[in-house]
Number of protein chains: 2
Amino acid sequence: MEKDSDRICLCPLEGIITTIAKKWAILIISILGHHERLRFNDIMEILGGISPKSLTDTLKELQREGLIQREAFPEIPPRVEYSLTEDGRQLCEAIVPLVRWAEKRDNLPAKTCHATCGFSEGCPSRREGR
Amino acid sequence: MEKDSDRICLCPLEGIITTIAKKWAILIISILGHHERLRFNDIMEILGGISPKSLTDTLKELQREGLIQREAFPEIPPRVEYSLTEDGRQLCEAIVPLVRWAEKRDNLPAKTCHATCGFSEGCPSRREGR
DNA sequence: CTGTATCCCCAGAGATACTG
DNA sequence: CAGTATCTCTGGGGATACAG
């Protein structure tokens, strides 16, 4: 029997993978996937350890790729909210099998996830019933 | 209705993505996915433009991650063959939805694939009936 | 609060020559 | 044939200070 991977070429990934592989990108996407909308400093705190420059750079790239969207409110002090686009949400869906595979490989200790992404309560990997 | 991505945390990817995002890694995996077993210089030719050092580095990393395997034959001149491990093949399977998503996003011009990965005849993206 | 503006560092990647 | 040994360069990423 023929598997999907027998016919597939991984080349289309070349473009997007350089984006989603950037240091914090996946984490940011994951976080936004769980929180719906977040402000700049919220993301900084959750990530814990990222510099404002790195965060700005990453957010801009994700935005340029159409994975997240930025909404600025003309207030003082300024308020800006980030959220996933529809495309970004579809990415999350498309990436599920890959995550499952990675979890299986690593034998997924839930605490590792906690340590890596900084989720304390909200991280799905720490919930029951998986 | 709840989607898979509502519950999933992308953190487990952190480890593997730094490997498979390395410049040539995905391409090599894809190529090995299509050719079963290949020798060092064969890979170099197919990729076209990679330096021996970069290829060596990448192959070693992929091997260390258990995605490909190396078989050396004690002959003169030496012969070494690379192939995907079972884990590597499973990666190919797991990555299919992501590739489909990327193709859809990019509106997949088949020639782009050709240009990127160097497949001339063998590239599935150039076949009919997709 | 939400970012810029600078400066610095180092690992990834290329080019090239050479070896068992 | 299948790499190794060097050298170099670029840019991603961190730290820090400052601005609108």
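What you see below is based on every heavy atom in this structure, not just the backbone, and it leaves out hydrogens, waters and symmetry mates. Chain letters run A, B, ... following the sequence lines, proteins first and then strands; every chain starts at 1. Just so you know, these numbers come straight off a predicted model, no measurement behind them.
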- prompt: In chain order, what residues pass the salt bridge (Lys or Arg N to Asp or Glu O under 4.0 Å) check against B:Arg70, with sequence neighbours excluded?
  reply: none
- request: Could you tell me which residues satisfy side-chain hydrogen bond (donor to acceptor under 3.5 Å, both in side chains) with A:Thr19, sequence neighbours excluded, listed by chain and number?
  value: A:Glu61
Sequence-distant partners of A:Lys53, side chain to side chain contact (heavy atoms under 4.5 Å, CB included), two or more places apart: A:Ser51, A:Asp57
task: Report the distance from atom CG of A:Leu59 to atom P of C:dG3, rounded to the nearest whole Å.
output: 8 Å
message: Report for the helix from C:dC1-D:dG20 to C:dG20-D:dC1: angle between first-end and last-end helix axes, five pairs each, rounded to 10 degrees.
response: 50°
message: Counting primed atoms plus P, OP1 and OP2 as sugar-phosphate and everything else as base, spell out the protein contacts along nucleotides 14-20 of chain C at 4.0 Å heavy-atom distance: B, S or - for each nucleotide, 5' to 3'.
response: BBB---B
Whole angstrom value for the distance that separates C1' of C:dT2 from CD1 of A:Ile43: 11 Å
- prompt: In residues 62-76 of chain B, which ones come under 4.0 Å of DNA chain D, going by heavy atoms?
  reply: B:Arg70
query: Residues two or more places apart in sequence or in another chain: which of them pass side chain to side chain contact (heavy atoms under 4.5 Å, CB included) with A:Thr85?
result: A:Gln69, A:Asp87
message: Going by salt bridge (Lys or Arg N to Asp or Glu O under 4.0 Å), name the residues that satisfy it together with A:Glu36, two or more places apart in sequence or in a different chain.
response: none
- line: A:Lys22 NZ to C:dA11 C1', in whole Å, measures 15 Å
Side-chain donor-acceptor distances from residues 38-46 of chain B under 3.5 Å, at least two apart:
| residue | atom | partner | partner atom | Å |
| --- | --- | --- | --- | --- |
| B:Asp42 | OD2 | B:Arg39 | N | 3.4 |

